[in-house]
Amino acid sequence: MSDQNATLGLSSVDRSGLRGMVSARVGTWLLIAIALCLPMVVGGSWVFALGVCFANAIGVLSVSVLVRYGGEVSIGHTFFSAVGAYTVAILDTRYGIPLWFSVPLALAFGVVAGILFAWPSRRLSGIYLAVSTLALALAVPEIINNADSLTGGYEGLYVSKPLVPGVKMSLQRYYAALAVLLAVTYGLSRLRHSRQGLTLLLAKSHPAAADAFGTRRVWARIAVMGISGGIAALCGAMLAFAGSTVSPSGFTFWAAIFLLVGSVVSVYGLTFPRALIGGAFLTLIPQFLSASGAWIPVLYGVALLGVILAGHYLPQLTQAMGRRKGGA
Amino acid sequence: MDVLTNALTGQGISLSFGGIKVLKGLDVSFRAGEITGLIGPNGAGKTSLFNCLTGAYSPQEGQIAFAGQSLDGLSPAARASKGIVRSFQHVALSPDLTVLENVMIGVARNHDTGWLNAFLPLPRGCAERAEMERAAMGALADLGLADAAHSLPDALPPGMLRLVEIARAIVGKPDVLLLDEPAAGLNNSETRDLMQTLQKLRSGGLVMVVVEHDMDLVMSICDRIYVLNFGEFVACGAPDEVRRDPDVIRIYLGSDDD
């Protein structure tokens, strides 16, 4: 057996893996530093757009978690983000409760909503689960409009309470979203190495094996939906604060589809840079294309195709080029 | 420890899929401290019996008990928490996890830190992770796999993956260890290593059952052998008795004329 290990060249694999990990970590820290400094460099509208981009990046993470840990796809996560957004907005406008208290509540409500959805749908998977999440997405705007005495109906609600009194509101909206995004990516990086994370990953690929080692597949599904729902609610909470308004138009079926698109574009990554790619695709690319008028959907489609193809083939191309360089 | 009081037993186990009877009223007793072989041609019902014992299948008739306590109605996860673990005929490791992490799952059932520990760097969660890592590394070292601990399963040959599965099964110090074709895909030297490992694992408190097609392995390490054919036991006894049994020779091992 030891001979076998020797022929595998495991130490060289470990070395190259370590190098990759170090460079990825340095890149992430660099990106965080840039994000922290950006408001000092860019103008007000960009600070606002980047704040919304961070909030959307959290939403992208919520879908990616479901894919990575549950092996399932959702096209209805706007339901959970609406739960978070309206928790923050209603507590802010109706009861004057600031973000410090409303965000943890939004997270708790999102987790509960995820669990409540997961329980009846625990035996569904693949296309059947995706379609059942679609029902959530279609129901959200109607639920919001019908509860207009609480939600403000079509007009929505305006979130105005500062997080830290005396600090410029535009900066608060930016940094709060960035802080929550960083907290979520940190939490997810911890989850990956935790006992719960390991068992969830086994339950995704081999549910029978997970069962045989003490992890019930039903528990795994409910746990993943709870986590995903909680993160989506944080996305909604931050969309409400960073975007300052909450209305049904932000939680349509198309918004749910775009969360999935963002997740695909980020290759279901759960790191800060990957989430940013997804969030930027949802927020910044439409802004860049805004001058193109009627061509916006076409150009967006082309950009989407380009990013997906690059995400799919770039690692293989890089690997092939590395091999060629190594051979020469 | 009394081998009979700690036995995994089944009485009258019957299992059908539609109109097809897969297991026909089987009575079994797998004793602690022994290695029991379960052999038979393909389709004889060996894996189905494993699935009944671990709770993956619910037999239509019969009772299954461990150490005198009924296991009927318990889920596979609940049986795992009672120390009944298994390996799989087809390797069932997570491709997203390293070898070490896959093996760590084998001890997960012995730990119970809450969800906050999964997301935050709290002392209990960190200690749990370190303890799981230590146990998994020990099991890998016992099977000569320590060098592969940080590799992903995709990077390893099938024989090694089999051994990783066994490491995952034994790391939690189970009371019942059910191994489904552990030598499948192993070369001769790996099979010899496996035989030594299984013999080392033999202990007073452990019920070990091995489903295997490799007759050399079964005959060398097993204390008792059950021979299954078309859902019925055709023989049961020590390896030498089974080897001489005319029914076994006819249906499974082949006659002298072959």
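Heavy atoms from other residues, nucleotides or ligands lying under 6.0 Å from CD of B:Q69 number 12 at most. Enclosure of atom CZ in B:R202 by more than 12 non-hydrogen atoms of other residues, nucleotides or ligands within 6.0 angstrom is indicated. Heavy atoms of other residues, nucleotides or ligands lying less than 6.0 angstrom from CZ of B:R109 number more than 12. With a 6.0 Å radius and a threshold of 12 heavy atoms from other residues, nucleotides or ligands, A:L317 has its CG atom above the threshold.
Minimum interatomic distance between A:A212 and B:F88 (heavy atoms only, all atoms of both residues): CB-CZ, 3.8 Å. Of all the heavy atoms in A:L201 and B:S94, the pair that sits closest is O-OG, 3.7 Å. For the residue pair B:R168 and A:A209, the shortest heavy atom distance occurs at NH2-CB, 4.2 Å. When all heavy atoms of B:P121 and A:Y186 are compared, the pair lying nearest together is CG-OH, 3.3 Å.
The parts of B:A108 that come within reach of chain A are both its backbone and its side chain, each placing non-hydrogen atoms under 4.5 angstrom from that chain. Contacts between B:V91 and chain A at a heavy-atom distance below 4.5 Å involve the backbone alone (N, CA, C, O).
Within the 3.5 Å criterion, the main-chain N or O of B:G114 finds a donor-acceptor partner in the side chain of A:Q196.
Chain A forms more heavy-atom pairs under 4.5 Å with one residue of B:E128, B:R86, B:M132 than with any other, namely B:E128. Counting heavy-atom pairs closer than 4.5 Å to chain A, the top residue among B:D112, B:T54, B:N51, B:N102 is B:D112. The candidate from B:T113, B:N117, B:V85, B:L120 with the greatest count of non-hydrogen atom pairs under 4.5 Å with chain A is B:T113. Interface remark: of the candidates B:P76, B:A118, B:S75, B:A80, B:A118 forms the most heavy-atom pairs closer than 4.5 Å to chain A. The greatest number of non-hydrogen atom pairs below 4.5 Å with chain B, out of A:G214, A:A210, A:S189, is found for A:G214.
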Could you check B:E101 against A:R195 for salt bridge (Lys or Arg N to Asp or Glu O under 4.0 Å), going step by step and ending with a plain yes or no?
-> CA-CA 9 Å; B:E101 289 170 329; A:R195 171 176 56 82; over 6 Å; no
Go through the steps to decide whether B:M104 and A:T199 satisfy the test side chain to side chain contact (heavy atoms under 4.5 Å, CB included), and finish with yes or no.
-> CA-CA 9 Å; B:M104 284 164 70; A:T199 52; over 6 Å; no
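Separation of atoms CG (B:L97) and OG (A:S205) is listed at 7.0 Å; rounding is to 0.5 Å. In this structure, CG in B:L116 is found 12.0 Å from CZ in A:R190, a value given to the nearest 0.5 Å. If you take CG on A:L202 and CD1 on B:I105, they are separated by 4.5 Å, rounding to the nearest 0.5 Å. Between the CD1 atom in A:I227 and the CZ atom in B:F119 there is a gap of 4.0 Å [rounded to 0.5 Å].
A salt bridge links A:K204 to B:D96: at least one charged side-chain nitrogen sits closer than 4.0 Å to a carboxylate oxygen.
Between B:W115 and A:V111, every side-chain heavy-atom pair lies at or beyond the 4.5 Å cut-off.
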